[in-house]
Amino acid sequence: MDAIQFLINGFGIAMQWQNLAFAFFGVLIGTAVGVLPGIGPMSGVALLIPITATLTSGLDPQSAAASSIILLAGVYYGAMYGGSTTSILLNTPGESSSVVTALDGYQMARQGRAGAALSISAIGSFVAGIVSLIGLTLLAKPLSELALSFGPAEYFSLMLLGLCAVSGLAGSSITKALIMTVAGLLLATIGMDNVSGVSRFTYENAYLYSGLEFLTVAVGLFALGEVFRTILDRDKGDGNIAKVGRILPTKQDMKESSAPILRGSLLGFFIGVLPGAGATLASFFSYIAEKKISKHPEKFGHGAIAGVAAPESANNGASGGAMIPLLTMGIPGSGTTAILMGALIMYNVQPGPLLFEDNPEVAWGLIASMFIGNLMLLVLNMPLVKVFAKVIETPAKYLLPIIIAISIFGVYAVQFNTFDLALLLICGLLGYFLTKNDYPVAPLVLALVLGPMIENNMRRALTSSNGDFAVFVTSPVSLLFLVIGALWISIPLIMKMRGRSVIINEED
């Protein structure tokens, strides 16, 4: 079977000493990022892009891209696990996807079972990682071959669907999310027009001819924005931390959590494949499903171990599932995968159907590294649970200067100009004010990444049809994507108008 052979080749790449080191540091930093309240996977990944660029500067382009994406993906799924630590010990979710974990995890900690809750989170994360690996291996090649049959009209509609999906499920207000999406598309037009060569919105500033640098915008909005929020809102995150006793779960704990872990992993993976759904939605659905299935639903919210196992498996499964649309179709389904896509493009690696043909080293090396990284997570987190519990207590006065230094030196090391440092500061302040007023920044970043590709595919489609916009609806596949996109936006609006509550995805 071709997929198995490709995966074996991927393990050959992932097992190279530098890639093992990158995977290890990725999951280690990712766990720390998840544990530290407020930073989150998007900020962590954005912050490390310039560092990976510096670390891989001596490697050939293919190896540099493979090593960098292995580290950044490790941060992504490592943070998914780390977020559970603060939920369980402090009742303060490290990320939006760990909100549900706090319901039963913190109750278990109060009952003296914090160690069991944390170890079940680690085991669930590992199982979800294996499920993601199997799913990626089986689906990656067929989906990329299917995507090769798409023309520019289908790609335009697919990318529009990706934007609608994230906008329809981001933040507490769909209107604000759509405003941010449009703002991102407008920012994406800055620079030289690829077709006509005309400069757009550059105002004779030489630094703007190449457009706004994705790296600078992402680090500013997420990392520096978080720094300003902590300083200006004096967010110290004080709280009582539960003590960690026995770490290994009992046989009864394993018996009660094994089925929820498997169900959560599968459900999370398939929800993760959907653009825009993400880990938060997966963890909510998984928790609701377990409560419906359970013979003792009254235990949920009072320390049921299934209430920890299912959502934690689901959010890790979703992070693996989210890689499928990113790698096979070039559609990032969430804020973090949009940042990962931006990192790949920085290395001249274009995610999409040709990725598996043009850059198999990057694609299969990443998939194989996810298995190794999840194994490292399990080995790291089981014995180091008490160490990571101490990381929560890191004072902001030590943490914030480190984040600021990495942001400034990282951006300058890649861009070598002071204009980008000024843009970094502006984006940091903008990120703070947007987040404070509940304007989600993930749709803006996604639109900034997809904007040029949407424009290019729209132009190619209109050129082939002599300017006839009907080309987008005469193709059945293109029409299907547009209809799904419209429904993704309209259904939550209709539900809100009828007074129904809508589950919101704020990140991932």
Does [Y] offer a backbone N or O that forms a donor-acceptor pair with the side chain of [X] under 3.5 Å?
{"X": "Asp60", "Y": "Gln62", "answer": "yes"}
{"X": "Asn374", "Y": "Met370", "answer": "yes"}
{"X": "Glu455", "Y": "Pro452", "answer": "no"}
{"X": "Ser286", "Y": "Ala282", "answer": "no"}
{"X": "Ser319", "Y": "Asn316", "answer": "yes"}
{"X": "Thr52", "Y": "Ile49", "answer": "yes"}

List in chain and number order the residues that pass ring pair (Phe, Tyr, Trp, His ring centres under 6.0 Å) with [X], two or more places apart in sequence or in another chain; answer none if no residue qualifies.
{"X": "Phe472", "result": "Phe156"}
{"X": "Phe419", "result": "Tyr207"}
{"X": "Phe22", "result": "none"}

Provide the closest heavy-atom pair for [X] versus [Y] in the form atom of the first, atom of the second, distance.
{"X": "Leu72", "Y": "Ala343", "value": "CD1-CB, 3.6 Å"}
{"X": "Gly410", "Y": "Pro50", "value": "O-CB, 3.0 Å"}
{"X": "Met192", "Y": "Gly197", "value": "CE-O, 3.0 Å"}
{"X": "Leu424", "Y": "Gly220", "value": "CD1-N, 3.5 Å"}
{"X": "Ser283", "Y": "Asn315", "value": "CB-CB, 4.5 Å"}
{"X": "Val445", "Y": "Ile339", "value": "CG1-CG1, 4.2 Å"}

To the nearest 0.5 Å, how far apart are [atom1] in [X] and [atom2] in [Y]?
{"X": "Leu224", "Y": "Leu425", "atom1": "CG", "atom2": "CG", "value": "7.0 Å"}
{"X": "Leu344", "Y": "Met346", "atom1": "CG", "atom2": "CE", "value": "10.5 Å"}
{"X": "Asn348", "Y": "Ile345", "atom1": "CG", "atom2": "CD1", "value": "10.0 Å"}
{"X": "Ile13", "Y": "Ser67", "atom1": "CD1", "atom2": "OG", "value": "10.0 Å"}
{"X": "Ile331", "Y": "Leu446", "atom1": "CD1", "atom2": "CG", "value": "8.5 Å"}
{"X": "Leu355", "Y": "Leu326", "atom1": "CG", "atom2": "CG", "value": "8.5 Å"}

Is there side-chain contact between [X] and [Y], with at least one heavy-atom pair below 4.5 Å?
{"X": "Cys164", "Y": "Phe481", "answer": "no"}
{"X": "Ile403", "Y": "Ser407", "answer": "yes"}
{"X": "Ile372", "Y": "Met376", "answer": "yes"}
{"X": "Leu354", "Y": "Glu357", "answer": "yes"}
{"X": "Ser369", "Y": "Asn19", "answer": "no"}
{"X": "Thr216", "Y": "Leu212", "answer": "no"}
{"X": "Leu161", "Y": "Ser157", "answer": "no"}
{"X": "Leu133", "Y": "Leu7", "answer": "yes"}

Take the angle between the ring planes of Phe201 and Tyr203 and call it parallel below 30°, perpendicular above 60°, tilted in between. tilted
Show, in sequence, the C-alpha distance, side-chain angles and deciding distance for Tyr155 and Arg460, and conclude whether the side chain to side chain contact (heavy atoms under 4.5 Å, CB included) test is met. CA-CA 10 Å; Tyr155 262 111; Arg460 285 172 58 209; over 6 Å; no
May I ask you to check whether over 12 heavy atoms, not counting those of Tyr209, lie within 6.0 Å of atom OH? yes
Excluding sequence neighbours, so at least two apart, what forms salt bridge (charged side-chain N to carboxylate O under 4.0 Å, His left out) with Asp193? Arg459
Working note: Leu423 + Glu213, criterion side chain to side chain contact (heavy atoms under 4.5 Å, CB included); need CA distance, chi angles, decisive distance, verdict. CA-CA 9 Å; Leu423 179 62; Glu213 179 56 44; 5.5 Å; no
Under the side chain to side chain contact (heavy atoms under 4.5 Å, CB included) criterion, do Leu221 and Met42 qualify, and how do the steps go? CA-CA 10 Å; Leu221 286 174; Met42 280 196 290; over 6 Å; no
Run the numbers on Ile324 and Phe269 for side chain to side chain contact (heavy atoms under 4.5 Å, CB included), then give the verdict. CA-CA 10 Å; Ile324 285 186; Phe269 176 77; 3.4 Å; yes
Could you pull out every donor-acceptor pair under 3.5 Å between side chains of residues 178-187 and any protein atom, sequence neighbours left out?
unit_1: Thr181; atom_1: OG1; unit_2: Ser167; atom_2: OG; d: 2.5
unit_1: Thr181; atom_1: OG1; unit_2: Ala177; atom_2: O; d: 2.9

Sorted by first residue and then second, give each ring pair (Phe, Tyr, Trp, His ring centres under 6.0 Å) pair with at least one member in residues 337-378; sequence neighbours left out. Phe6-Trp364, Phe11-Phe371, Phe356-Trp364
